[in-house]
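Remarks on the structure that follows.
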Amino acid sequence: MRYKSLLALSGLIGIGAVSAIAGSSGAKAENDPVYVVQEGHVDQHTFNGYRRYGESCHRCHGPDGAGSSYAPSLTESLKHLSYEDFTNVIVNGRQNVTKSQNNVMPAFGTTEDVVLYIDDIYGYLKARSDERLPRGRPKRIGDDS
Amino acid sequence: MKLKRTLLGCTMMLGMAALGAGTPASANDELQKLQGDANQWVMPTGNYANQRYSTLDQITAANASKLHPVWSFSTGVLRGHEGGPLVIGNTMYVHTPFPNNVFALDLNDNGKIIWKYEPRQDPSVIAVMCCDTVNRGVAYGDGKIILNQADATTVALDAKSGKELWHVKNGDPAKGETMTMAPMIVKDKVYVGISGGEFGTQGRLTAYNLKDGSLAWNAYSVGPDEQLLVDPVKTTNMGKPIGKDSSVSTWQGDQWKTGGGSTWGWYSYDPATNLIYYGTGNPSTWNPVQRPGDNKWSMTIFARDADTGMAKWVYQMTPHDEWDYDGINEMILADIPVKGKMTKALVHFDRNGFGYTLNRETGELLVAEKYDPAVNWATHVDMQTGRPQVVAQYSTQAQGEDKNSRNICPAALGSKDQQPAAFSPKTGVFYVPTNHVCMDYEPFKVSYTAGQPYVGATLSMYPPKGENNLGNFIAWDAGQGKILWSNPEPFSVWSGALATAGDIVFYGTLDGYLKAVDSKSGKELYKYKTPSGIIGNVTTYTHNGKQYIAVLSGVGGWAGIGMAAGLGNDTDGLGAVGAYKQLSNYTQLGGVMTVFGLD
């Protein structure tokens, strides 16, 4: 629900996740969560997404969603992956285990620290993917510097 | 099962017949002898003292420039390759990351595969491995090859045929318990540890009987005294009895049950004291505010009786960890002068950036000095109490939850991680592969769910201010606590070193070079770019009278997390943009063992 008001907000301050995805295979649906980045500062949801990412995703997907030697860069993935597909993979997990690949994404469907904040995590990574957020710890709107 | 029992029965009878006595075969006698034979490399650590030193001297500082690859072997596995091969007689044993294949290669027949062991494991375990699917190697003893699989199964294979002799379940991956460490064999026992400090496991060292895999004992890192295998009176810490409930009294409520203290490093053994030495990992979670107290005995050096498991002494390096400075790094046993006095020493390069020298018989703390000048989280270690003097600015506990503590050195990777150092009795010097990385660390509240990450901190890493090398390879005087020389490396040095009587030290680099440097000056003598980044350990042996050097390449591990994508950005002015070189621009995945020799 909170995203409706955010959507309205993003119209006002001219920031959002919408424009960058036109034409990509991950079609943008109207109710997809968005992020707010205002002069390099993020809203509380996006910041929480950064934090939850650090808890549950960082150790495989690397700092700032940038990927590791054994898990894909999510800043790249979100250029193609729809919000629906993103949540599906997080909730149900995914396995790519073959002769050459041993990649396993766990199912986080019952992990509160992830599932409750899935939209926040999406928003944070989408901001990174849209190159609206640089690497590192984002500053919150209202933070001094 | 029936068939196995009959077979086991047969083996036992044969074994006893061969010995001609009722005593069980002692792998220790055999291993004791074998570890002194420089022609072979019979344990992952080189010898029981974990020195990674060889008396072989055909390859010398004078001729090292003529080294060249003579053969190589693809493991067929892509992810991070830690550890190194064993050489027993004319057979080389090579292991891989998940799926944890083991190959026996015939050195008499150009490395032809004698047998291959391919375990069947549920791949879902991959998702609960902390930092890549690494494995640090197999152990040999009593005609068996012992393998710790990712899914926390320990397996004994017949060294000749590769046939499984027994297996035992050492943990539950559904709770985040996995195995990456290389087992150690002493006498009739095999010692294994458990990983899972990021999943709230209760860490422990476990001894199994080598004969049949039956449990000998468990010794927990955290918990009640009977689980710890300690004696409140006889077990000492800083020379004093540890007292009753030494662990549980340093945790809030029953937090010790998910308290971590995992045991995934390299173990060593001193036949003279009959003690095994190892370190324990971080307390869970990474959020210190959530677990008040010293969180004993996480972050601790343990000296335990090899037969009974009873702890003789303990020393906690980082009480109430606030930075993920696991204490699991190897304990190197060496007889060296310490401040002018010959000492039976234990030398340990901790993740927390201090190089410790202790008396290995008593646990007395003798030296604790920084082995990277960048280390700033503590000013020094108080030699009376053994406690680090923490700087408030870098204390993530003092700064508190939801506060970002900045510019802490070292980063959670530590000034050194598991990559083992080497000691040359010839030079009396320790050769240490190090990380040169700092971090921001922000703890936050998390809840424990079995089998789910229990981390509770976000962090970002970068080189120390104004510098752009992420690693150093250093020479260390453990008697004085001083760096003798230091070679900067563009990336963390994540490869185990090897020192030889040829006055050379070998190590690998994350961008893929095997390097040979002069043991006195550090001057580079030879380098060769292997197919991938090196996080494996360098090994030496002879075959048909000629000395060879072997190393696994195959980038990954924790080094593969930050480094593959480069570390953070430069928006905070934390050094030159050029410092954040992406490892992926230098190397790609793939496991290969390369063997080097002279003509």
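Naming: A, B, ... by sequence-line order, numbering from 1 per chain.
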Would you give the length of the straight line joining atom CD1 of B:Ile126 to atom CD of A:Gln101, rounded to the nearest 0.5 angstrom? 10.0 Å
How long is the straight-line distance from OG of B:Ser124 back to CD of A:Gln95, given to the nearest 0.5 Å? 6.5 Å
Should the heavy atoms of other residues, nucleotides or ligands under 6.0 Å from CD of A:Glu84 be counted, would the total exceed 12? no
When you look at CD of A:Glu112, are more than 12 heavy atoms from neighbouring residues, nucleotides or ligands closer to it than 6.0 Å? no
In the structure I gave you, are the side-chain heavy atoms of [X] and [Y] within less than 4.5 Å of one another anywhere?
| X | Y | result |
| --- | --- | --- |
| A:Ser69 | B:Gln588 | no |
| B:Thr133 | A:Tyr70 | no |
| A:Pro106 | B:Val128 | no |
| B:Val446 | A:Asp113 | yes |
| A:Arg51 | B:Asp402 | yes |

If you count heavy-atom pairs within less than 4.5 Å of chain A, which of [options] leads?
| options | value |
| --- | --- |
| B:Gly80, B:Ala457, B:Pro123 | B:Pro123 |
| B:Asp132, B:Thr458, B:Val555 | B:Asp132 |
| B:Thr285, B:Leu589, B:Val77 | B:Leu589 |

Specify the closest pair of heavy atoms between [X] and [Y], including all atoms of both residues, with the distance to one decimal.
| X | Y | result |
| --- | --- | --- |
| B:Leu459 | A:His58 | O-NE2, 3.9 Å |
| A:Arg52 | B:Lys445 | NH1-O, 4.2 Å |
| A:Asn102 | B:Arg79 | O-NH1, 2.5 Å |
| A:Glu55 | B:Val455 | OE2-N, 3.1 Å |

Checking B:Phe444 against chain A: side chain, backbone, both or neither under 4.5 Å from a heavy atom? side chain
Heavy-atom distances under 4.5 Å only: say whether B:Gln121 touches chain A with side chain, backbone, both or neither. neither
Check ion pair A:Arg137-B:Glu442 (N to O, under 4.0 angstrom): yes
Non-hydrogen atoms of chain B under 4.5 Å away: do they reach the side chain of A:Tyr53, the backbone, both or neither? neither
Under 4.5 Å from a heavy atom of chain B, the part of A:Ala71 involved: neither
Would you find a donor on one side and an acceptor on the other, under 3.5 Å apart, between the side chain of A:Arg59 and the backbone of B:Met129? yes
